[in-house]
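Working notes, structure below.
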Amino acid sequence: MPRIDRYILSQFMTLFGFFALVLVSVYWINRAVSLFEQLISDGQTALVVLEFTALTLPLVISVVLPIAAFAASAYGTNRLSSESELVAMQATGMSPWRMARPVLVFGVLVALMVALLVHAVVPMARGRLADRQAEIAQNVTAQFLRAGAFQYPVRGVTLYIRDIAADGRLVDFFLEDARNPDSQTTYTSTEALLVRTDEGPRLVMMQGMVQNLRHAGNRQSLSVTRFSELAYDLGTLIDTGESRKRDLRAYSTLRLLDPDPELLAATGATRNRALAEAHERLAKPFQAPVAALLGFGMLLLGGFSRFGVWRQVVWAVVALIVVQFLSTAAENQVAGNASRWPLIYVSPLVGAAICCAVLWLAARPRRLRNPSSTPAAKGGAA
């Protein structure tokens, strides 16, 4: 690589590292705050919160890197222009196409980072996150079994435990199930135990009674049943993770490109939905070179102005918004009908077309701006 290319590439990579760090920090902190509120309210420790936020970090980075590439190329090009370095390059005969070569290399390097994340790191992190969520869902005690407070696991159910012994026994247990307005059931027992089974957690109540109040029109009937031991299925109160389908995004891209019946049964997805997820991953890395070239090419348009290049920056941002809008619209179309997955590639193709058009305009600014200076115009004037 020529020295001038290495210089431009080093400038962009330095700025890219700065913008990526800032944007990832902002996105991650925003995500961590919502996770912190959710997990702490469920009785989880700070280590669990830290683990969950760390597992969401690869996805955040994959989203932020193309934006950081755009910011680095736009800011770097503006700085090269303000310091007259771009003018010196153009004076040596370098065309915008030639100057865009290190920018394209920069975009490809960022695209490789994004590809590594979306094809390897993000699926692995999502799989681990799904496993940890299932483990936490099984931890019923941390979820809502708290002593000395009324709990409401689901609408219509009230739970109260006077105390939790050191060996795990629930002392003076109370459970009211009023989800069915025609039949209200109340369970009370002197103590209860939480037992894990293959079918999910079971609550074994000892030395208690069941009171069932039925409503039939204007008549009410109360039945009381005393028991020495009674098992209650807690799966009716919480989502223990057993009924959850596995996240399609936790599988590798190769498996999604050729989904087997086992994968489709585990996720509950269709073949087209699996293909759509795979092609979304394949198309995502192309956003990085498109964003980098947009930030570079748009700032080459126009001549010198004492007011700066704010107009070009605005047009660069607008172009990036258009490309991102097309990407979001394609994802929405695919979400509604997975067989439309080829639409995913529309956004990078349109972005590449815009980049080529901008570089073509930057290479011929005078001819487009001053047509009267062409030979044909001079002949007409004569």
Side-chain angles (χ1 to χ4, degrees), residues 20 23-24 27 30-31 56 58-71 73-74 103-104 106-123 125-126 245-259 263-264 267-298 314-359:
L23 292 175
V24 167
Y27 274 75
N30 184 40
R31 178 60 177 162
T56 61
L59 178 61
V60 171
I61 296 176
S62 67
V63 173
V64 164
L65 288 189
I67 303 175
F70 170 81
S73 64
V103 183
L104 180 61
F106 164 66
V108 170
L109 291 176
V110 178
L112 292 176
M113 300 179 195
V114 176
L116 177 63
L117 287 168
V118 299
H119 293 299
V121 182
V122 172
R126 283 190 175 276
K245 294 292 185 180
R246 187 166 177 82
D247 192 350
L248 189 67
R249 295 169 295 183
Y251 288 89
S252 65
T253 306
L254 291 178
R255 289 199 65 183
L256 294 177
L257 287 172
D258 186 19
L263 183 148
L264 299 178
T267 60
T270 62
R271 179 179 178 84
N272 285 332
R273 183 59 243 171
L275 289 174
E277 173 64 25
H279 286 285
E280 283 181 11
R281 296 182 189 178
L282 292 174
K284 194 173 184 62
F286 293 106
Q287 295 177 358
V290 167
L293 288 172
L294 281 177
F296 174 78
M298 284 292 183
V314 170
W315 280 111
V317 173
V318 170
L320 182 65
I321 291 175
V322 169
V323 173
Q324 291 296 326
F325 173 78
L326 291 175
S327 176
T328 303
E331 291 177 0
N332 292 335
Q333 288 293 321
V334 172
N337 186 354
S339 62
R340 299 175 181 174
W341 60 261
L343 293 175
I344 295 173
Y345 294 97
V346 171
S347 172
L349 289 176
V350 171
I354 294 175
C355 293
C356 292
V358 168
L359 291 175

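None of these values were measured; they are calculated from a predicted model.
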Next on the checklist: Determine whether V122 and R281 satisfy the following criterion, side chain to side chain contact (heavy atoms under 4.5 Å, CB included), listing intermediate values before the conclusion.
Outcome noted: CA-CA 10 Å; V122 172; R281 296 182 189 178; over 6 Å; no

Checklist entry - After noting the C-alpha distance and the side-chain angles of V358 and W315, does the key distance pass the side chain to side chain contact (heavy atoms under 4.5 Å, CB included) rule? => result CA-CA 11 Å; V358 168; W315 280 111; over 6 Å; no

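In this structure, L275 and N272 have side chains that are in contact, with non-hydrogen atoms separated by less than 4.5 Å. Using a 4.5 Å cut-off on side-chain heavy atoms (C-beta onward), P289 and V110 make no contact. In this structure the side chain of R271 reaches within 4.5 angstrom of the side chain of D258, judged on heavy atoms.
Between P285 and V114, the closest heavy-atom pair is CA-CG1, 4.0 Å. Among all heavy-atom pairs drawn from P58 and A125, the shortest one is CG-CB, 4.0 Å. Here the closest heavy-atom approach between residue L343 and residue A330 is recorded as O-CB, 3.4 Å. Considering every non-hydrogen atom in both V118 and S62, the closest pair reads CG1-CB, 3.9 Å. The two residues G107 and A292 have their closest heavy-atom pair at CA-CB, 4.2 Å. The two residues V290 and G351 come nearest to each other via the heavy atoms CG1-CA, 3.6 Å.
Each of I67, I61, T56, L59 was evaluated against Y27; a single residue qualifies, I67, per the side-chain contact (heavy atoms from CB on, under 4.5 Å) test.
Between the CG atom of L293 and the CD1 atom of I354 there is a distance of 12.0 Å, given to the nearest 0.5 Å. In this structure, CG in L359 is found 9.5 Å from CG in L294, a value given to the nearest 0.5 Å.
For the pair T253 (side chain) and A278 (backbone), a donor-acceptor distance under 3.5 Å is absent.
Counting non-hydrogen atoms of neighbouring residues, nucleotides and ligands closer than 6.0 angstrom, the OH atom of Y251 exceeds 12 such neighbours.
Ring geometry for H279 against Y345 counts as perpendicular: the plane angle is over 60°, on a 0 to 90° scale with 30° as the lower cut.
Salt-bridge check for K284 with E280: failed, with every basic side-chain N at 4.0 Å or more from each acidic carboxylate O.
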